[in-house]
Structures are given as C-alpha cells and as structure tokens.
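Every chain is numbered from 1, with letters handed out A, B, ... down the list of sequences.
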Number of protein chains: 2
Amino acid sequence: MSIRTTDTKEEILRIGKQFIQYYGYNAFSYADIARELKIKNAAVHYHFRGKEDLLMALIENYIQNYQLLAQQLEGSKLKAAGKINKFIERYTGLCDSDSICIIGSIASDYNTLPESVKARISELIEMVLGMVEQTLAEGKKKGELHFEESPRTRALLIMTNLAAGVQLARISGKADYEAIRKALIKQLK
Amino acid sequence: MSIRTTDTKEEILRIGKQFIQYYGYNAFSYADIARELKIKNAAVHYHFRGKEDLLMALIENYIQNYQLLAQQLEGSKLKAAGKINKFIERYTGLCDSDSICIIGSIASDYNTLPESVKARISELIEMVLGMVEQTLAEGKKKGELHFEESPRTRALLIMTNLAAGVQLARISGKADYEAIRKALIKQLK
DNA sequence: GTCTATAGGGGGATAGAC
DNA sequence: GTCTATCCCCCTATAGAC
C-alpha cells in the first residue's frame with residue numbers, strides 16, 4: 001500500500017536522463033536540473049559530485065535495466081520475434097517524446113568524455129548487442145526467425161536502424177520511424 | 001598552375017565541420033577554431049557573426065555538395081549499385097577519422113538549435129533521402145537491384161544503418177561498421 | 001539534505017585601434 | 001581582415017550556515 005517516496009537522488013537521475021535524451025549531454029547544466037526540481041545547484045552536487053558522476057550513474061542504471069530485461073526474456077515464454085519486439089518497443093517510446101536513445105546521444109559527445117565513462121559505455125553497448133545477437137541466433141535455430149547474415153551482423157543492422165531511426169524521426173517526423181519499425185519486423189519473418 | 005589560396009573563411013568552415021563531426025556542435029567554441037587557425041576569437045566573428053551562422057553556412061555547403069553529387073550521378077554510366085556505393089563511401093571515410101556524419105551529430109543537438117537551422121537541416125535530409133530513394137527505384141526498375149520494401153523505406157534502412165554505423169564504430173571499433181557496410185551491399189544484389 | 005554565497009573559468013559577442 | 005580589450009552571462013564546483 002505504501003507508495004515509495006521518490007527521493008531527490010532518483011529525481012535527479014530521472015531528469016538527467018531526460019535531458020541527455022532531449023538536449024544532449026553537453027547541452028544541459030546542473031542549474032537546469034535544479035530549476036526543474038525546484039532545488040538549488042549545490043543540492044545536485046551533493047548527490048552527484050560532478051556531471052561525469054551523474055552520467056556514470058545513468059550508464060550503470062542502463063546496465064542494470066538491461067540485465068533485468070535479459071532475465072525477464074530468459075524466463076519468458078515469448079517467441080524470438082516477441083523478444084526482439086521488446087527491444088524495438090524501447091525505441092518507439094522515445095519517438096513520442098522527441099527524444100533519442102541515450103547511446104546515440106552519448107555517441108555524438110563521445111570524444112568529449114573521460115576514459116572511464118567511455119569504457120563503461122562500450123560495455124553497455126556490447127551487452128545490448130550481445131542480447132539481441134543471442135535472441136536472433138536462438139530464433140533462427142528454432143526456425144522462428146529468418147535472415148541471411150550472421151546473428152551479430154543482423155543485430156548490428158537492427159540496432160543501427162533503431163538508433164538512427166529515432167534521431168531521424170525527431171527531424172523528419174515519426175512516419176519514417178514507423179516505416180523502419182515495420183520493415184524490421186517483416187524482414188525477420 | 002595557380003594553387004588557389006584558401007582564405008580564412010574557408011579554413012573556418014573546414015575546421016568547424018571537423019569539430020562538429022568530432023566533438024559535436026555544442027562542444028566546441030570559437031576560441032577552439034581560433035586556436036587551430038592561429039588567429040583570434042574576434043577574427044572568427046568577423047567571418048561568421050555568430051555560431052549559428054557558421055552552422056547554417058556548413059549546412060548550405062552540404063546541400064551544394066549533394067547537389068553536385070546528384071548531377072555527377074545523373075550524368076554517369078555507373079550502375080545503381082555503384083551509385084549507392086558513392087553514398088556509402090562518404091560514411092566509410094568518416095570512420096577512419098573517428099568522426100560521425102554531420103546529420104547524426106546535429107540530430108543529437110537538434111532541440112538546442114533555432115528554428116531557422118532546424119528547417120534547413122530538414123531540407124538537407126529530405127534531399128539526401130530523396131536521392132538514395134530515386135537511385136534505388138531506378139535500380140529496381142532496371143533489374144539491377146533487388147529489395148522487398150518500398151524505395152523510400154529501403155533508403156531509410158540504408159541511411160540509418162550508415163549514420164548509426166559510424167556512431168557505433170567510434171565506440172566499438174571499425175569491424176562493426178565494416179560488417180554493416182558489407183551486409184548492405186550484399187542485401188541489394 | 002538543502003540553502004546562500006562565491007570562486008574561478010570559459011562561453012559568445014562587440015567596440016574600436018591598426 | 002585581424003588585433004586587443006572588454007562586457008556579460010552561464011558554467012562547474014566548493015565552503016560554510018542552517
């Protein structure tokens with residue numbers, strides 16, 4: 001019955017994620033976060049010493065989140081196509097809020113980030129690609145999915161279609177993203 | 001015999017383009033450009049009143065550049081696959097310098113840009129997509145290319161593979177980009 | 001845990017001399 | 001066309017009171 005009180009630290013993470021997806025990492029400030037949460041600059045620094053620490057925490061969140069998804073998919077009765085759809089859905093949601101995937105956003109700012117962050121992002125990407133790759137491989141083995149390329153290559157094609165698809169949608173409209181999404185699903189049948 | 005002297009204005013455009021592709025629009029300053037060209041801050045402002053004017057000039061350059069490519073392709077004896085390859089080559093070159101396509105870079109910063117710039121970027125994207133779409137349509141008609149989707153959708157799939165492919169390569173290495181590139185070419189046969 | 005106040009630096013941009 | 005000098009703003013970050 002208890003609604004867990006979202007503390008400030010979680011709120012900062014939530015807003016930070018939104019800002020990265022909407023404006024980009026180098027285009028928002030602690031002051032922006034503070035204004036949004038109606039607290040002061042210094043309070044944000046209390047929870048995350050510096051902006052890089054906030055970014056790192058967000059990346060850790062994503063890693064945990066995908067680990068959770070991995071467990072859910074492993075224990076689910078979904079067919080391969082349904083599992084792939086779980087990944088696609090995450091991108092479809094972004095479009096509706098004019099936002100882009102955090103990996104794509106960070107990729108643009110990549111050369112401005114410290115090595116520690118770069119390394120962790122690399123791990124996140126490998127993890128996500130690995131999950132998609134494995135799902136594709138299993139689906140092919142069971143005869144549920146059909147594609148010519150290696151599972152790794154197919155995973156790369158799908159994830160790049162999605163990542164740049166939401167970037168494109170922000171500029172040219174959601175219709176283009178929808179065309180991509182439908183084509184992806186059709187291709188695997 | 002005369003080697004045209006590259007004046008400062010052209011040099012600024014050259015460096016500005018590099019910085020956008022390497023660091024992102026919101027992550028470099030006029031001071032960075034000035035340092036690179038061994039001139040002062042104010043000299044850059046003389047050639048481009050503000051940073052947005054520089055960005056707009058770069059977008060105009062891209063539009064002209066693609067118009068030139070369109071003319072070249074129209075008058076060439078290249079088969080459809082060869083024409084598509086001209087687009088792919090542009091992205092392959094980016095990988096080697098740890099850079100990403102300017103459209104992808106700008107897409108990340110999109111919500112921080114003034115409306116005038118947004119509108120022009122939209123036109124640039126439509127132009128490039130239109131060129132690829134038309135090339136695909138002609139190739140299919142002549143029996144040189146084979147794909148199931150509409151030319152527009154196929155163009156979207158190819159361009160998003162390339163745009164996010166170079167973003168990915170910057171983080172996970174060029175091997176992934178190469179896998180994408182080869183798969184794209186193979187898919188069309 | 002949040003505040004006020006502030007340090008220190010960098011950003012975009014302009015005026016006016018040369 | 002480039003310079004020096006400067007303005008004003010916002011940024012990241014910290015110290016110390018509450």
Leu37(A) CG to dG1(C) C1': how many Å, rounded?
-> 14 Å

Mind calculating the distance between OH (Tyr25(B)) and C1' (dG12(C)) to the nearest angstrom?
-> 10 Å

In whole angstroms, how far is the P atom of dC11(D) from the OH atom of Tyr23(A)?
-> 12 Å

Which is true for Lys51(B) with a 4.0 Å heavy-atom rule: it touches a base, it touches only sugar-phosphate, or it touches nothing?
-> sugar-phosphate

Below 4.0 Å: OP1/OP2 of dT14(C) and any side-chain N or O of Arg49(B) | yes

Please give, in whole Å, the distance from dT4(D) P to Lys40(B) NZ?
-> 5 Å

Between dA13(C) (C1') and His47(B) (NE2): distance, integer Å | 16 Å

Considering just the side-chain nitrogens and oxygens of Thr8(B), establish if one lies under 4.0 Å of OP1 or OP2 belonging to dT2(D).
-> yes

Using the closest heavy atom to pick a nucleotide of DNA chain D for each, name whichever of Lys38(B) or His45(A) lands nearer the 5' end.
-> Lys38(B)

Roughly how many Å is it from CG in Asn26(A) to P in dG10(C), rounded to a whole number?
-> 16 Å

Is there a donor-acceptor contact under 3.5 Å linking the side chains of Gln187(A) and Glu148(B)?
-> no

Gln167(B)/Thr160(A) under side-chain contact (heavy atoms from CB on, under 4.5 Å): CA gap, chis, key distance, verdict = CA-CA 9 Å; Gln167(B) 290 172 19; Thr160(A) 51; over 6 Å; no

Give Phe28(B) one of three labels, base, sugar-phosphate or nothing, depending on what nucleic acid heavy atoms sit under 4.0 Å from its own.
-> sugar-phosphate

So what does Tyr46(A) touch, heavy atoms closer than 4.0 Å: a base, only the sugar-phosphate, or nothing?
-> base

Derivation and outcome, side-chain contact (heavy atoms from CB on, under 4.5 Å), residues Phe28(B) and Tyr22(B) | CA-CA 10 Å; Phe28(B) 79 92; Tyr22(B) 194 82; over 6 Å; no

Could you go step by step and tell me if Leu162(B) and Tyr177(B) meet the side-chain contact (heavy atoms from CB on, under 4.5 Å) rule?
-> CA-CA 8 Å; Leu162(B) 290 172; Tyr177(B) 173 81; 3.8 Å; yes

Ser29(A) side chain N/O closer than 4.0 Å to the phosphate oxygens (OP1, OP2) of dC10(D)?
-> no

For atom OH of Tyr30(A) and atom C1' of dT6(C), their distance in whole Å = 19 Å

Minimum-distance nucleotide to Ala42(B) side chain [options: dG1(C), dT12(D), dT4(D)] | dT4(D)

Evaluate the side-chain contact (heavy atoms from CB on, under 4.5 Å) criterion for residues Tyr25(B) and Glu52(B): first the C-alpha distance (whole Å), next the side-chain angles of each, then the deciding distance (0.1 Å), finally the verdict.
-> CA-CA 10 Å; Tyr25(B) 176 71; Glu52(B) 287 164 8; 3.8 Å; yes

Distance in angstrom units between Ile33(A) CD1 and dT2(C) P, rounded = 14 Å

Choose from dA13(D), dT2(C), dG12(C) the nucleotide whose nearest atom is closest to any side-chain atom of Asn41(A).
-> dA13(D)

